[in-house]
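Here the structure is laid out as structure tokens; the discussion comes afterwards.
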Amino acid sequence: MLDIKIERTSAPKEKPADETKLGFGHIFTDHMFIMNYDAGQGWHDARIVPYGEISLSPAAMCLHYGQEIFEGLKAYRTADGSVQLFRPQENFKRMNNSAKRMVIPEIDEEFMLEALKKLVDIERDWVPHTEGASLYIRPFIISVDPYVGVKPADHYLFMIILSPSGAYYAGGLNPVKIYVEKNYVRAVRGGTGFAKTAANYAISLIGQEVADEQHYDQVLWLDGVEQKYIEEVGSMNIFFVIDGEVVTPQLTGSVLPGITRKSAIEICRKKGYKVTERRISIDEVAAAYDEGKLDEVFGTGTAAVISPVGNLKWGDKVMEINGNKIGPVSQMLYDTMTGIQWGKLPDEFGWIVEV
Ligand SMILES: *Cc1c(COP(=O)(O)O)cnc(C)c1O
């Protein structure tokens, strides 16, 4: 196993005074993890160093052809002051699945978990104390060869940066408004939808603009072939409760396999709900709404955990769900998941990794 060199900063930054104003993704901690890959040598020189700028050739391949992958997870501070991670092994496993698709060399998942724990341990004081706030963790890999030809790179950087982030719902768990996109698509069969890669986000920005213009919060993407079946929201997976049954789109390759999604399915099953992963068309959702059987709609993702959907707009049809209020399944999932993450509930599933 690789060892990790540690260089501590001589100029620690001041920590944010008001944790209720953290927002998301603006502030970074004192240190970062970095490791290099060179063809023939593999991953090497794992190190934790002061957070700072990196220098790249303007020809660095990631800047031109987007060979990049990333992950997103959080560290939580519990009431007794300990710091814990939620299913981090799943993130490194998914990162390797993304790596395969993007022809990026795989990482040693066990080593990366140890490296992450080391980094978070060094930055322990940066994990927020305020209820609902957490330390967002962003691992990513970029290709760095100075070459403007198209091919998989021979040189990569793997980095982890950390960002203290505020409670997603400062004003409580409020339902969001979701706009069903009918023109643009996010992913297609055989494409990169299941990989966490920058390209998927670059091509989705325009859909978000359309949603913004209509005063909607996020986009619901339909499948890229028939534009009929539901896939997911911008950065969340989507669930429906139809006539008491929990339904979510199956993982067909164009949907990102969310860890929150997987956890929500496991919790619902354990609590005795029937959960089905299958194809679900937007027509079926609209029909269920008309029949009064669309009980709840919610999104799942690391950032917000559970996002109840109060309003779903498909063309001219506006569906108000559950009276624009959070429903019982959404509330149960939110309470259970955040309870486990912040150590308020026992970890019955074995999902927690202590730092
Ligand atoms: C990261 C991500 C999700 C949510 O995944 P989690 O592991 O639950 O955070 C959903 N959709 C997309 C496109 C994503 O990038």
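Since this is a predicted model, take the numbers as computed values, not measurements.
When the side chains of ILVMFWY residues are joined at heavy-atom separations under 4.5 Å, either directly or via intervening members, Phe70 and Ile107 end up in two distinct hydrophobic clusters. Under a hydrophobic-cluster definition in which Ile, Leu, Val, Met, Phe, Trp and Tyr are linked whenever side-chain heavy atoms come within less than 4.5 Å, directly or via other members, Ile282 and Val225 are assigned to different clusters. Under the 4.5 Å side-chain heavy-atom criterion for grouping Ile, Leu, Val, Met, Phe, Trp and Tyr, Val275 is connected to Ile242 within one hydrophobic cluster. Taken together through direct or relayed side-chain contacts under 4.5 Å among Ile, Leu, Val, Met, Phe, Trp and Tyr, Ile142 and Tyr201 form part of one hydrophobic cluster. Under the 4.5 Å side-chain heavy-atom criterion for Ile, Leu, Val, Met, Phe, Trp and Tyr, Phe24 and Leu162 are members of distinct hydrophobic clusters.
Defined by atom type and a distance below 3.5 Å, a donor-acceptor pair is missing between the side-chain atoms of Thr78 and Gln84.
Around NZ of Lys177, the count of heavy atoms belonging to other residues, nucleotides or ligands within 6.0 Å exceeds 12. For Lys271, the NZ atom is loosely surrounded, since the number of other residues' heavy atoms within 6.0 Å does not exceed 12. Atom CG of Asp316 is surrounded by 12 or fewer heavy atoms from other residues, nucleotides or ligands within 6.0 Å. With a 6.0 Å radius and a threshold of 12 heavy atoms from other residues, nucleotides or ligands, Arg124 has its CZ atom above the threshold. Within 6.0 Å of OH in Tyr184 there are 12 or fewer heavy atoms belonging to other residues, nucleotides or ligands. Residue-environment remark: CZ (Arg269) exceeds the threshold of 12 foreign heavy atoms within 6.0 Å. Heavy-atom contacts from other residues, nucleotides or ligands closer than 6.0 Å to CD of Glu131 number 12 or fewer. Within 6.0 Å of atom NZ in Lys313, more than 12 heavy atoms from other residues, nucleotides or ligands are found, so the atom counts as buried in its surroundings.
The heavy-atom pair separating Tyr65 from Gly149 by the smallest distance is CE1-O, 3.4 Å. Heavy atoms only, all atoms of each residue included: Val233 and Trp221 are closest at C-CD1, 4.2 Å. Ala11 and Asp30 make their closest contact through O-OD1, 4.4 Å (heavy atoms, listed as atom of the first residue, atom of the second, distance). Closest approach of Gln218 to Gln208, counting heavy atoms only: CA-OE1, 3.8 Å. Scanning both residues, Leu63 and Pro58, for their nearest heavy atoms gives CD1-O, 3.9 Å. Heavy atoms only, all atoms of each residue included: Ile321 and Glu296 are closest at CG2-CA, 3.9 Å.
You'll find the side chain of Tyr273 stays beyond 4.5 Å of the side chain of Ile267, heavy atoms only. Annotation: side chain of Leu222 is not in contact with side chain of Lys228 (no heavy-atom distance under 4.5 Å). Between Ser143 and Ile104, the closest side-chain pair of non-hydrogen atoms is not below 4.5 Å. Using a 4.5 Å heavy-atom cutoff, the side chains of Phe33 and Pro139 are not in contact. When side chains are defined from C-beta on, Leu312 counts as touching Val180, because their heavy atoms get closer than 4.5 Å. Residues Ile306 and Ser330 have side chains in contact (heavy-atom distance under 4.5 Å, counting atoms from C-beta outward). Residues Phe92 and Glu71 have side chains not in contact (no heavy-atom distance under 4.5 Å, counting atoms from C-beta outward). Put simply, the side chain of Leu256 reaches to within 4.5 Å of the side chain of Lys196, judged on heavy atoms.
Of the possible donor and acceptor atoms, one in the side chain of Asn91 sits under 3.5 Å from a partner among the backbone N and O of Gly72. No donor-acceptor pair under 3.5 Å is formed between the side chain of Arg87 and the backbone N or O of Ile352. Distance alone, capped at 3.5 Å, is enough to place a donor-acceptor pair between the Lys13 side chain and the Thr29 backbone. In this structure, Asp154 contributes its side chain and Asp145 its backbone to no donor-acceptor pair below 3.5 Å. A donor-acceptor pair under 3.5 Å is formed between the side chain of Asp295 and the backbone N or O of Gly244. Under the 3.5 Å distance criterion, the side-chain polar atoms of Arg186 are left unmatched by any main-chain donor or acceptor of Ser204. One N or O on the side chain of Tyr289 and one on the backbone of Glu320 form a donor-acceptor pair closer than 3.5 Å. When atom types are taken as modelled, the side chain of Glu68 and the backbone of Phe140 share no donor-acceptor pair closer than 3.5 angstrom. At distances below 3.5 Å, not a single donor-acceptor pair connects side-chain atoms of Ser134 with backbone N or O atoms of Tyr136. Proximity of a side-chain donor or acceptor of Gln67 to a complementary backbone N or O of Val103 within less than 3.5 Å is detected.
Between Phe86 and Trp351, the two ring planes are perpendicular [angle over 60°; tilted spans 30° to 60°].
Atom CH2 of Trp43 is separated from atom CD of Glu106 by 11.0 Å, given to the nearest 0.5 angstrom. Taking CD from Gln41 and NE2 from His155, the interatomic distance works out to 10.0 Å, rounded to the nearest 0.5 Å. In this structure, the separation between CD on Glu354 and CG on Asp347 is 9.5 Å, given to the nearest 0.5 Å. One distance of note links OG1 of Thr300 with CE of Met337; it measures 7.0 Å at 0.5 Å rounding.
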Between Trp314 and Lys182, does the side-chain contact (heavy atoms from CB on, under 4.5 Å) criterion hold? Intermediate values first, please. CA-CA 8 Å; Trp314 177 43; Lys182 289 168 68 148; 4.0 Å; yes
Could you walk me through whether Leu251 and Lys262 pass side-chain contact (heavy atoms from CB on, under 4.5 Å), step by step? CA-CA 11 Å; Leu251 300 176; Lys262 181 175 179 174; over 6 Å; no
Intermediate values then yes/no, side-chain contact (heavy atoms from CB on, under 4.5 Å), Ile238 and Phe240: CA-CA 7 Å; Ile238 188 98; Phe240 302 87; 3.8 Å; yes
Check the pair Leu85 / Lys117 against side-chain contact (heavy atoms from CB on, under 4.5 Å), numbers first and verdict last. CA-CA 9 Å; Leu85 306 166; Lys117 283 161 72 176; 4.2 Å; yes
Evaluate the side chain to side chain donor-acceptor pair (under 3.5 Å) criterion for residues Asn36 and His44: first the C-alpha distance (whole Å), next the side-chain angles of each, then the deciding distance (0.1 Å), finally the verdict. CA-CA 5 Å; Asn36 297 68; His44 64 90; 5.3 Å; no
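A salt bridge is defined here as a Lys NZ or Arg NE, NH1 or NH2 lying under 4.0 Å from an Asp or Glu carboxylate O, and Arg279 with Glu284 fails to meet this definition. Classification of Asp290 and Lys317 as a salt-bridged pair holds, one side-chain N sitting under 4.0 Å from a carboxylate O.
Under the side chain to side chain contact (heavy atoms under 4.5 Å, CB included) test applied with Leu116, the options Val353, Asp121, Leu73 reduce to a single match, Leu73.
In terms of the side-chain hydrogen bond (donor to acceptor under 3.5 Å, both in side chains) criterion, Lys93 has no residue partners (sequence neighbours excluded).
In this structure, Tyr37 has its ring center no closer than 6.0 Å to that of Phe158.
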